[in-house]
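So the structure is just underneath, and the comments pick up after that.
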2 protein chains.
Amino acid sequence: MTEIALRERRRRQTEREIGDAALDLFEAGGVDGTTVDDIARAAGISPRTFFRYFPSKERAALVPHVELDERVEAMLAGLSADRPLLDQLEEVWREVLLALDDGRSEAGRLLLRVRRLMRAEPALRLAAAAVDEERLDALVGHLVRLVGADDDLEPRLVVETAGVAVRVSLDRWAGAREAGRAVDLLETYAQACRVVRSPGR
Amino acid sequence: MTEIALRERRRRQTEREIGDAALDLFEAGGVDGTTVDDIARAAGISPRTFFRYFPSKERAALVPHVELDERVEAMLAGLSADRPLLDQLEEVWREVLLALDDGRSEAGRLLLRVRRLMRAEPALRLAAAAVDEERLDALVGHLVRLVGADDDLEPRLVVETAGVAVRVSLDRWAGAREAGRAVDLLETYAQACRVVRSPGR
DNA sequence: GGTCAACCTGGCAGTCAGTGCCAACACGGC
DNA sequence: GCCGTGTTGGCACTGACTGCCAGGTTGACC
């Protein structure tokens, strides 16, 4: 029992250490300019061990934020079949963006670094897309079960649509921050949701 | 002049030959089970030459359909700033899907094979996502210039939203076809557009 | 018809990502 | 102190991808 929890905590810590090292190196020398050996050396582990923690070097920059993830999980578990799904999803993502506290919270600071990097690194965008795909697929599955649909077309479209608003908002936020401009993430997201809801002019 | 056109035609032909070989092999043994050497051998070229045609093995399965691409290009060039962009984009994509003729046209047959493969092959989905990203970015740039916006938030969201409808429709089409069910691509797309336009309930 | 220049191609050698296998090791439970 | 489980690192290997160079092709031009 406690043993498992202990190991889990240890694992998380190592994960974070490797992730931090990767992020530093990626920022300093680009993803292509950084080898797995570099990351492993910086994190004090062997390359072989690196691949026991991450399936690719890009993924090391995308360590999930456990605490935030758990909150999302809880919110998604609480979705109701009785209200429009898009409304509820937008509320959930809004909560998440709020938790980033414009880059001041732990999760926010981290995500800001990652999204900034992503803007310059196609390889990172790809890796992030793969992660997103998995998560959104799972979410679609959940929604299908929730509303008892025999067809996942609508849930899938709603999930993807909501996802687009989030992704575009985050990207613009990171881009503006990088350029020194201040952009309110939540306001951008609200605007994005508006556009997505009535995209014709 | 003519020389360039000739070389271009030659190049296209080789591209198609390599692409066909890759598609065959991917269908037979999966993407992971196929090496670049395999593809090169089947296409009668050296591995070194393969990489002069494609930047990765996955991309060999995603050879653009020149004829269709040119039509799309022409349609996108004819977009007007005076009508809602989403309406126009949906019309363009509708034309494209129409040209697939439910998998009976050359382009349709090819795309059906590719989309089928993509459903089983994450690596292919990733590669396709990278291609899409580039194209959609270019389209967003075009729209920004067209409407003279100082801000690409709205065009980007519109383009991505329209893209989601297309992608989801194609995926469902390929999936249904694979399962032996008949699904009308255009009808699915129309339904997807409807959902995307009023995603709440 | 021969020469020139601009490609196109293949081979070679090298880097690096990622994996299977095995031996050493850490550690909590007994 | 011993045991089982899980973690780690080294080794060797496959395979993607690249830079470089040495022929070969081909159309253009005299």
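This one's a predicted model, so the numbers in the text were calculated from it and none came from an experiment. Naming: A, B, ... by sequence-line order, numbering from 1 per chain.
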Problem - Distance-only side-chain donor-acceptor flag, Q191(B) / E187(B), under 3.5 Å - result: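 No, E187(B) and Q191(B) have no side-chain donor paired with an acceptor closer than 3.5 Å.
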Could you tell me how far apart [X] ([atom1]) and [N] ([atom2]) are, to the nearest whole angstrom?
{"X": "R9(A)", "N": "dG28(C)", "atom1": "CZ", "atom2": "P", "result": "12 Å"}
{"X": "R11(B)", "N": "dC7(C)", "atom1": "CZ", "atom2": "C1'", "result": "11 Å"}
{"X": "Q13(A)", "N": "dT7(D)", "atom1": "CD", "atom2": "P", "result": "15 Å"}
{"X": "E58(B)", "N": "dA16(D)", "atom1": "CD", "atom2": "P", "result": "9 Å"}
{"X": "F51(B)", "N": "dC12(C)", "atom1": "CZ", "atom2": "P", "result": "17 Å"}
{"X": "E8(A)", "N": "dT5(D)", "atom1": "CD", "atom2": "C1'", "result": "16 Å"}
{"X": "D37(B)", "N": "dT14(D)", "atom1": "CG", "atom2": "P", "result": "12 Å"}

Find the distance between [atom1] ([X]) and [atom2] ([Y]) and round it off to the nearest 0.5 Å.
{"X": "R109(B)", "Y": "H65(B)", "atom1": "CZ", "atom2": "NE2", "answer": "9.5 Å"}
{"X": "M118(B)", "Y": "F26(B)", "atom1": "CE", "atom2": "CZ", "answer": "13.0 Å"}
{"X": "F50(A)", "Y": "R59(A)", "atom1": "CZ", "atom2": "CZ", "answer": "10.5 Å"}

Handout entry: Quiz item: R48(A) side-chain donor-acceptor pair to dG10(D) base, under 3.5 Å
Key =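 Flag set: donor-acceptor pair detected.
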Out of [options], which nucleotide sits closest to the side chain of [X]?
{"X": "R52(B)", "options": "dG18(C), dT5(D), dG11(C)", "value": "dG11(C)"}
{"X": "R7(A)", "options": "dT7(D), dT9(C), dA16(D)", "value": "dT7(D)"}
{"X": "T49(A)", "options": "dT8(D), dA17(C), dG6(D)", "value": "dT8(D)"}
{"X": "T35(B)", "options": "dG9(D), dA16(D), dG10(C)", "value": "dA16(D)"}

Practice task
Classify the nucleic acid contact of P47(A) as base, sugar-phosphate or nothing, counting any heavy atom under 4.0 Å across all strands shown.
Solution key: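 It contacts nothing in the nucleic acid.
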Practice task
Scan T14(B) against the nucleic acid and name what it touches under 4.0 Å (heavy atoms): base, sugar-phosphate only, or nothing.
Solution key: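 The answer is nothing, as T14(B) stays clear of every strand by at least 4.0 Å.
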Handout entry: OP1 or OP2 of dT7(D) under 4.0 Å from side-chain N/O of Y53(A)
Key =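 For Y53(A), the contact criterion (side-chain N or O under 4.0 Å from OP1 or OP2 of dT7(D)) is not met.
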Practice task
Indicate whether OP1 or OP2 belonging to dT9(C) is found under 4.0 Å from a side-chain N or O atom of S46(B).
Solution key: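 No, no such contact exists.
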Exercise for the section: Ignoring hydrogens and angles, tell me if any N or O in the side chain of D38(B) forms a donor-acceptor pair with the backbone of T35(B) under 3.5 Å. Expected result: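 Indeed, once roles are kept as given, a pair shorter than 3.5 Å links the two residues.
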